[in-house]
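Here's the structure, in structure tokens; my notes come after.
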There are 2 protein chains.
Amino acid sequence: MKKASILEVSSLAGVSPATVSRVTSNAAPVRETTRKKVLAAMKELGYQPNSAAQSLSSKRSNTLGMIVSHLDGPFYGPVMSGVEETLRKLNKHVIIASGFAEEQAEKEAVDFLMARQVDGLILLTEGLDSEYLKDLEKRIPIYLINQHVDGLEIRNMYLDNDDGVYQATRHLIAQGHKDIIYIAGQEYKQDANERVAGFKRAMREAGLTVTGKQIVHTSFEVEGGIKGMQHMVDSGTAFTAVVAGNDEAAFGVYEWAARHGYSIPKDFSVIGFDDILMSNYVSPRLSTMHFPKYDMAKACATMAYQEIYNKKLPEGIKFKTDLVIRDSVIELK
Amino acid sequence: MKKASILEVSSLAGVSPATVSRVTSNAAPVRETTRKKVLAAMKELGYQPNSAAQSLSSKRSNTLGMIVSHLDGPFYGPVMSGVEETLRKLNKHVIIASGFAEEQAEKEAVDFLMARQVDGLILLTEGLDSEYLKDLEKRIPIYLINQHVDGLEIRNMYLDNDDGVYQATRHLIAQGHKDIIYIAGQEYKQDANERVAGFKRAMREAGLTVTGKQIVHTSFEVEGGIKGMQHMVDSGTAFTAVVAGNDEAAFGVYEWAARHGYSIPKDFSVIGFDDILMSNYVSPRLSTMHFPKYDMAKACATMAYQEIYNKKLPEGIKFKTDLVIRDSVIELK
DNA sequence: TTGTATGCGTTATCAT
DNA sequence: ATGATAACGCATACAA
């Protein structure tokens, strides 16, 4: 069974190739009886449209490009998964490239995918600035996950970072904590700063003072959590609870605690952000803010599909986090 | 700057389109002076070959398909990363699809990618049996990661699972442990069983008896580790050390220990397998067998490239694991 | 070494 | 509703 072409199908069905194309693409009306004939012929020959030919002729690749900072990492996996799954059901393809969170590499990834004639670009990047993106948007539909760009709001899938950490902090406060420290992500990262803002807001609203001493910028990594804790202790800042910029940093806090003989949550409470898979399996199980990564990815893929292939106007969505209470936070006596 | 075609480049360079094609594809000799002219023209027009046209004409998509069980998960990420990175450097593309470790879904993924005219298939699957794969191999070059199929050895990137667990177990024995239990992965999984074999071999070689009581088949997941431990305790099997089928299961052992008030490695030692990222960050840091996922992925991608685009014969590679000593195993006094 | 001409498999335009 | 036919942009025999 070698590859059959549209021509063979058409002759076997006794119609023109154009008609076959009409039934495969579902783009024009076809009499029900002829449709059946064609479908039968397709099945008999095991016909699969040649996508290169389709692309060449239709000027569409039926493929979306996706760029993520890293192919590994607990955060990107679920996002890729959601995008791929959604698009596959819609019979579209994804080509994923990694950008390593570096401007140069991410731009190369863009070029790489553009050369591939992708119909749109889903971007979960960190090194592409607003100028570049606005420019890019003129050439191809783009969809941004986790990055806010003025003027591109409608193509933005966004998380309410501020509100998320606000909730997390309030949870701590509700448990009686007053001396709370915050281990923030990289200062140049948008989301890191929004989260810091949520922390400050919650603290002030509760009548608690927040000075620079209670916040340290490190990174969204295990190492960042470790360093952050060390910094706080070195600087003599007292605390009964720590909110980590993300779960990985929270694991760093755990690690620091283990190294120095502290017990969580007995000695101090910890809350994270993202709700990555591992968070449910560390000891103590990490209380955190659930980031609806998967839903966000699906929404993003759907939005892209709708705009590109169905001419619907895109509409940005702002997602909210949910508090996931587990075992790493206890009431302060 | 709209998309320039090969025709415009050729006329601007004062050569035929065929010559332009020759320089882009690097497939036929071109006089150095004309090459420069062409290159200049390409640059001036920002020429990017239309890959759909290339595919259609050359009957090559310059794209490899890759199927993994899950897009997330600590194991697949590094593998995807290695493949993507390697291929991108070689100017080839990867389309990744997930198969969810289910036969049906994985076969659909194959069809999906075949329809896309991929030039080859890199398979990191769990639901595709030998028969199917041997059949598939007749239609398209395939490369198997982590799955041994008789007759397809040359297209196989394989890990010496047996030797890995053998080493892990010997490490435990060298530390004075005699009562060792093994928490194995799913019984229908090839690698799970090879690992069990390595365990038995090491035990017997050391003159230690190994009965069915010391081995329990659960799964390669955190939950599997938890259940495995519970099973061992319920059945009253004594032990001073446990080897887990993989790191995730080892985390389950950690979790079980935490829930029941045991302290690792004081109360018992634990060794894992895979060396996933998190293993370095749990407490205590997990001793484990390093699985060269990334290297394996790169080797696989390179092999695929060489065979498909350079007609070189593929050659399967068997990788070895390395013992990574961290803090979860201590000497038995 | 370079040019000419044809074909790749599909979609889209224009008829009918 | 359906058919005929011209693109689509490139690679590749074949010729020169």
Side-chain angles (χ1 to χ4, degrees), chain A residues 2-39 41-42 45-63 91-93 114-119 308-309, chain B residues 2-39 41-42 45-63 91-93 114-119 308-309:
Chain A
K2 39 196 64 170
K3 53 203 77 168
S5 84
I6 199 171
L7 226 68
E8 316 182 43
V9 175
S10 69
S11 76
L12 187 118
V15 299
S16 77
T19 297
V20 176
S21 173
R22 286 181 183 110
V23 353
T24 62
S25 63
N26 233 326
V30 176
R31 195 191 310 278
E32 194 49 34
T33 58
T34 57
R35 171 189 303 280
K36 275 189 183 141
K37 278 192 301 185
V38 171
L39 254 19
M42 289 191 350
L45 298 175
Y47 172 66
Q48 290 277 40
N50 178 317
S51 57
Q54 288 181 312
S55 299
L56 184 58
S57 182
S58 67
K59 313 216 164 266
R60 279 223 147 131
S61 62
N62 288 312
T63 299
N91 238 299
K92 304 298 173 190
H93 309 247
M114 298 274 287
R116 195 79 191 138
Q117 266 90 19
V118 294
D119 298 330
I308 298 174
Y309 304 106
Chain B
K2 40 195 63 172
K3 54 203 77 170
S5 84
I6 199 172
L7 226 69
E8 315 181 44
V9 175
S10 69
S11 78
L12 188 126
V15 300
S16 77
T19 298
V20 176
S21 172
R22 288 182 182 109
V23 355
T24 61
S25 62
N26 233 327
V30 176
R31 194 191 310 279
E32 194 49 34
T33 58
T34 56
R35 172 189 302 280
K36 275 190 182 143
K37 278 193 300 185
V38 172
L39 254 19
M42 290 193 349
L45 297 175
Y47 173 67
Q48 291 277 39
N50 180 318
S51 56
Q54 288 181 312
S55 301
L56 185 58
S57 182
S58 68
K59 311 215 165 265
R60 280 221 149 137
S61 62
N62 288 312
T63 299
N91 238 301
K92 303 298 172 191
H93 308 247
M114 298 274 288
R116 195 78 192 139
Q117 265 90 19
V118 293
D119 298 331
I308 298 175
Y309 304 108

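Just so it is clear: chains get the letters A, B, ... in the order the sequence lines come, proteins before strands, and each one is counted from 1.
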Figure out the CD/P separation between B:Glu32 and C:dT2, and round it to whole Å. 10 Å
For B:Tyr309 and B:Asp119 the tightest heavy-atom approach is OH-OD2, 2.6 Å
Under 4.0 Å: is that the gap between some side-chain N or O of B:Lys59 and OP1 or OP2 of C:dG9? yes
From CG of A:Leu7 over to C1' of C:dT10, roughly how many Å is that when rounded to an integer? 10 Å
Within the structure, does a side-chain N or O atom of B:Gln54 lie under 4.0 Å from either OP1 or OP2 of D:dC10? no
Using the closest heavy atom to pick a nucleotide of DNA chain D for each, name whichever of B:Arg22 or B:Gln48 lands nearer the 5' end. B:Gln48
Specify the separation, in whole Å, of atom CD1 of B:Ile6 and atom P of D:dT12. 11 Å
Over all strands shown, is A:Val20 touching base, sugar-phosphate only, or nothing at heavy-atom distances under 4.0 angstrom? nothing
A:Ser5 has a side chain; which of C:dT2, C:dT10, D:dA1 sits nearest to it? C:dT10
Out of D:dC10, D:dA1, D:dC8, which nucleotide sits closest to the side chain of A:Ser57? D:dC8
On DNA chain C, compare the nucleotides closest to B:Val15 and B:Ala53; which residue's is nearer the 5' end? B:Val15
Using a 4.0 Å heavy-atom cut-off across all strands, classify A:Thr34 as base, sugar-phosphate, or nothing. sugar-phosphate
Provide the closest heavy-atom pair for B:Ala53 versus A:Leu56 in the form atom of the first, atom of the second, distance. CB-CD1, 3.7 Å
DNA chain D: B:Leu56 or B:Thr19, which has the more 5' nearest nucleotide? B:Leu56
Could you check whether B:Pro17 gets within reach of a base, just the sugar-phosphate, or nothing at all, counting any heavy atom under 4.0 Å? nothing
What are the two closest heavy atoms between A:Ser61 and A:Gln117, and how far apart are they? OG-O, 2.5 Å
With distance as the sole criterion, do the side chain of A:Ser58 and the base of C:dT11 form a donor-acceptor contact below 3.5 Å? no
Distance, rounded to the nearest Å, where A:Asn26 contributes CG and C:dT10 contributes C1': 16 Å
How close or far is atom P of C:dT11 from atom CD of A:Gln117, stated in whole angstroms? 17 Å
Closest heavy-atom pair and its distance - B:Ser10, B:Pro17: CB-N, 3.5 Å
Indicate whether OP1 or OP2 belonging to D:dA11 is found under 4.0 Å from a side-chain N or O atom of B:Ser21. yes
Whole-Å distance separating the CE atom of B:Met42 from the P atom of D:dC10: 11 Å
Between P on C:dG9 and CZ on B:Arg60, what's the gap in Å once rounded to a whole number? 16 Å
Rounding to a whole Å, what distance do you find between B:Tyr47:OH and D:dG9:P? 10 Å
Scanning both residues in full, the closest heavy-atom pair of B:Val30 with B:Val23 reads CG2-N, 4.3 Å
